[in-house]
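Just so it is clear, the values below take in all heavy atoms, side chains as well, and ignore hydrogens, waters and symmetry mates. So that the names make sense, note that chain A is the first sequence line, chain B the second, and so on, each numbered from 1.
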Number of protein chains: 2
Amino acid sequence: MKKRITIKDIARMANVSHTTVSRALNNKSRIRTETKERILSIARELNYQPDFIARSLVMRRTKTLGLVITTIANPFYTELAQGIETTARGLGYNIILCSTQNDLLNEKQYIDMLRSKGVDGIIFTSAQLGDPNICALAEEGFPIILVNRRTYHPVVKERVDYVGVDNTLGGFLAVEHLVRLGHKRIGMIGGSSESSVGFERLEGGKRAFETYQIEKRDEYFVEGDFLKESGYQGARRFLKMAEPPTAIFATNDYMALGAYQAILEEGVKIPEEMALVGFNDIEFTSMKGIELTTIGQKKFEMGALAVKMLVERVEGGEMKPLGKEVLLKPELIIRRTCGFHLKGYQIDSRKRHGVNHIISEARHPK
Amino acid sequence: MKKRITIKDIARMANVSHTTVSRALNNKSRIRTETKERILSIARELNYQPDFIARSLVMRRTKTLGLVITTIANPFYTELAQGIETTARGLGYNIILCSTQNDLLNEKQYIDMLRSKGVDGIIFTSAQLGDPNICALAEEGFPIILVNRRTYHPVVKERVDYVGVDNTLGGFLAVEHLVRLGHKRIGMIGGSSESSVGFERLEGGKRAFETYQIEKRDEYFVEGDFLKESGYQGARRFLKMAEPPTAIFATNDYMALGAYQAILEEGVKIPEEMALVGFNDIEFTSMKGIELTTIGQKKFEMGALAVKMLVERVEGGEMKPLGKEVLLKPELIIRRTCGFHLKGYQIDSRKRHGVNHIISEARHPK
DNA sequence: GACCATTGTGTTATCGTTAACGCAAAAGGA
DNA sequence: TCCTTTTGCGTTAACGATAACACAATGGTC
């Protein structure tokens, strides 16, 4: 393999010291324009590529971020990751991908590896509720940010920024929609218990029950784990009841799709005999033949925002107040599986969400 | 932020030189077992984490690979990426994600960046046919591997390994299936012209025409670009013909889905009045309400294999013959959109593909 | 013209590792 | 016992960049 060209090679050719070359390349002051031009042209001629490793060693900056994700084999995370990667690139950063399969030990190992490799910060897209790894990083003050899922741990809330969708509002919108369509018996399928988002979506749903004074029945809540199968099983349980719900809100689209399948298998018609709402608006939900009503969120923008906030934190030093929370507005997307026949309704529902996002006060403004 | 612990700190505590610490940590010879134990226990106690940046600077190895992909917002690439990332991690490597949006300039910039950051090798998942960036790397001898799409450039074929599915066979299987179902008028929708896979799939289809002596009609071939919309437009063109095809083979699933939509909009029934086959078997194709007949390929395994081959190349030095080609066997997956009513047929078709993959002879065995 | 600030450049240290080399002490062989 | 080899360390030099400091040469001010 060819020998790498270093600043010393350039220095030799330009008859200057390597420091001068460094100054020229980094556009520093205290250098004559003429010398700079000469050096730069030689660099260009030799097709010089700076060695980031050497630079990182002395600067203690790598322009690289870690992205910790349960699995990218899930369109929701994929879109998020796309937003993250694209934005990072725009800011001059690269992304190291880490898929943990939701295993805390994997996560720990990835974190150690990322830190060994000197990443400037880490983005967590699927924090578990009491995640000890994240707590440790937060306590230490290492630059991280949470997207999508969060942790309610006080230290994390105090020192780590978060960006996500307003899941409580989303859950509320989903159930409100069903209520407005006249449903009184509404089944809900929860997400996995270690995730904040499932919890919040259910909370939002319950709040809608209260607002519209619908009776809350325990048997109409089943637990899920965000996977299709659990949605399938949940729906089956509902369908077998003496008095089954007339509508189901699944706290994510995969479970909604599982429910969809269970419902069809029972010969029950969607939406006539059973309404269905999901959450996330991942790609397949809009496809001909499925057309799931769901709660949409701006996944790409969410990822983009997270990167921007993290980079600002990394580059801006410690001065910024931490513990900021950005909640993006969710949007009700009405399709075939419930409410699509209602004209005008859709427009109405869109109008309500003109605001793009709310930034809550930093917890420690001082 | 806390000060980093270095081998010098350990050295001081253990009353040895830092070199000795390095020897202990790297399990080198020429060190007393006793000293080694002592050093290791101190390292553990201090929770020492090695600095990969410093190590990389001297070793010229980063244990990091670049993954160049058009976009991960496509379930096909996502599964591939998952296989790549998981396998890389198992081998002690990290992955830097680069999504080029199929733009050669982006690709070039990413490659420069990756090399500046010292990656040990690069995986290309979506090489364009005459990709100059890849040619340049191949000529220079930089360790790369192509997965999925390839280049027919002689230098690349000679010096770069490739792993992909046997697309020609896949195309053949798709069309053969339609022929066996009795179709004589079969429309094909091609992929984007800068991709090898679309081309090969069409070739396979044409070969099936020849084998079964079906008349090839020019108007039954339309170009596409692998996106849904182009499948939609292609199918519309077919449907408007005086004598439309009775079956369509789209060279990927997204286009098949676009076609699906166009067909339904015309009120034509699937599969009774129009059969449909796709390619890739991405997740949504199996979903209730879609159930697309398609050609499946082992995406995860493909990615895994690519990483293994690249790492072998990187670690094994220059001794291995290059230009190896691994072609995985595609599999016909019969679902609702054509042929599912034929009992026994499915089993028959599966039986044919017992072999897992073929490794072609290295082109330069010497 | 004397004095001080600014500019342009080189010298040397530094980041945290591994690697080459040196050298005494221990071990082995005759 | 003497010589040679091996073992167990330490010393010093890389790797390729930035940064602190030194120091002439220039420029501006009075």
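- Put simply, the side chain of H18(A) and the base of dT18(D) share a donor and an acceptor less than 3.5 Å apart.
- In the displayed structure, K308(B) atom NZ is contacted under 6.0 Å by at most 12 heavy atoms of other residues, nucleotides or ligands.
- Atom CG of N26(B) is separated from atom P of dA19(C) by 8 Å (rounded to the nearest Å).
- Atom CG of L57(A) is separated from atom P of dT18(D) by 12 Å (rounded to the nearest Å).
- Distances shown here put a side-chain N or O of Y48(B) below 4.0 Å from the OP1 or OP2 atom of dT17(C).
- Atom CZ of R12(A) is separated from atom P of dG16(D) by 11 Å (rounded to the nearest Å).
- In this structure, I31(A) reaches the sugar-phosphate backbone alone: every heavy-atom distance under 4.0 Å involves primed, P, OP1 or OP2 atoms, never a base.
- Nearest-nucleotide mapping onto DNA chain D: of V16(B) and D51(A), the residue sitting toward the 5' end is V16(B).
- Contact of R23(B) with dG10(D) (side chain to base): a donor-acceptor pair of N or O atoms is detected under 3.5 Å.
- Contact between the side-chain N/O atoms of T20(A) and the OP1/OP2 oxygens of dG10(C) is found at a separation under 4.0 Å.
- Contact of the E194(A) side chain with the N102(A) side chain is registered, since non-hydrogen atoms from C-beta on lie closer than 4.5 Å.
- One finds no side-chain N or O of S17(B) lying less than 4.0 angstrom from the OP1 or OP2 phosphate oxygen of dT11(D).
- Among the protein residues, D9(A) comes within range of no part of the nucleic acid, since none of its heavy atoms lies under 4.0 Å from any strand.
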Stepwise, does the side chain to side chain donor-acceptor pair (under 3.5 Å) test hold for K117(B) with T64(B)? CA-CA 9 Å; K117(B) 292 201 173 169; T64(B) 306; over 6 Å; no
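- The phosphate of dT9(C) has OP1 or OP2 within less than 4.0 Å of a side-chain N or O from R32(A).
- Between dC15(C) and T6(B), no contact under 4.0 Å exists linking OP1 or OP2 to a side-chain N or O.
- In this structure, L57(A) and I53(B) approach most closely via the heavy-atom pair N-CG2, 3.7 Å.
- The base of dA19(C) sits within donor-acceptor range of the side chain of T19(B), with an N or O pair under 3.5 Å.
- To the nearest 0.5 angstrom, I72(A) atom CD1 is 10.5 Å from Q82(A) atom CD.
- Taking atom CZ on R55(A) and atom P on dG16(C), their separation rounds to 18 Å, with Å as the unit.
- If you measure from atom NZ of K8(A) to atom C1' of dC15(D), you get 9 Å, rounded to the nearest angstrom.
- In terms of phosphate contacts, S22(A) brings no side-chain nitrogen or oxygen within less than 4.0 Å of OP1 or OP2 of dA17(D).
- Distance I53(A) CD1 to dA14(D) C1': 15 Å, rounded to the nearest Å.
- You'll find that the side chain of R30(A) is closest to dG8(C), out of dT12(D), dA19(D), dG8(C).
- Among the protein residues, T35(B) comes within range of the sugar-phosphate backbone only, with heavy atoms under 4.0 Å from sugar or phosphate atoms but none that close to a base.
- Each of A54(B) and S29(B) lies near DNA chain D, and the nucleotide nearest S29(B) is the one positioned closer to the 5' end.
- For the atom pair L65(B) CG and I84(B) CD1, the distance stands at 9.5 Å (nearest 0.5 Å).
- Protein atom CD of E34(A) is 11 Å distant from nucleotide atom P of dG8(C), rounded to whole Å.
- Taking atom CZ of R61(B) as the reference point, atom P of dT17(C) lies 20 Å away to the nearest angstrom.
- Residue K28(A) places at least one side-chain N or O under 4.0 Å from the OP1 or OP2 atom of dA19(D).
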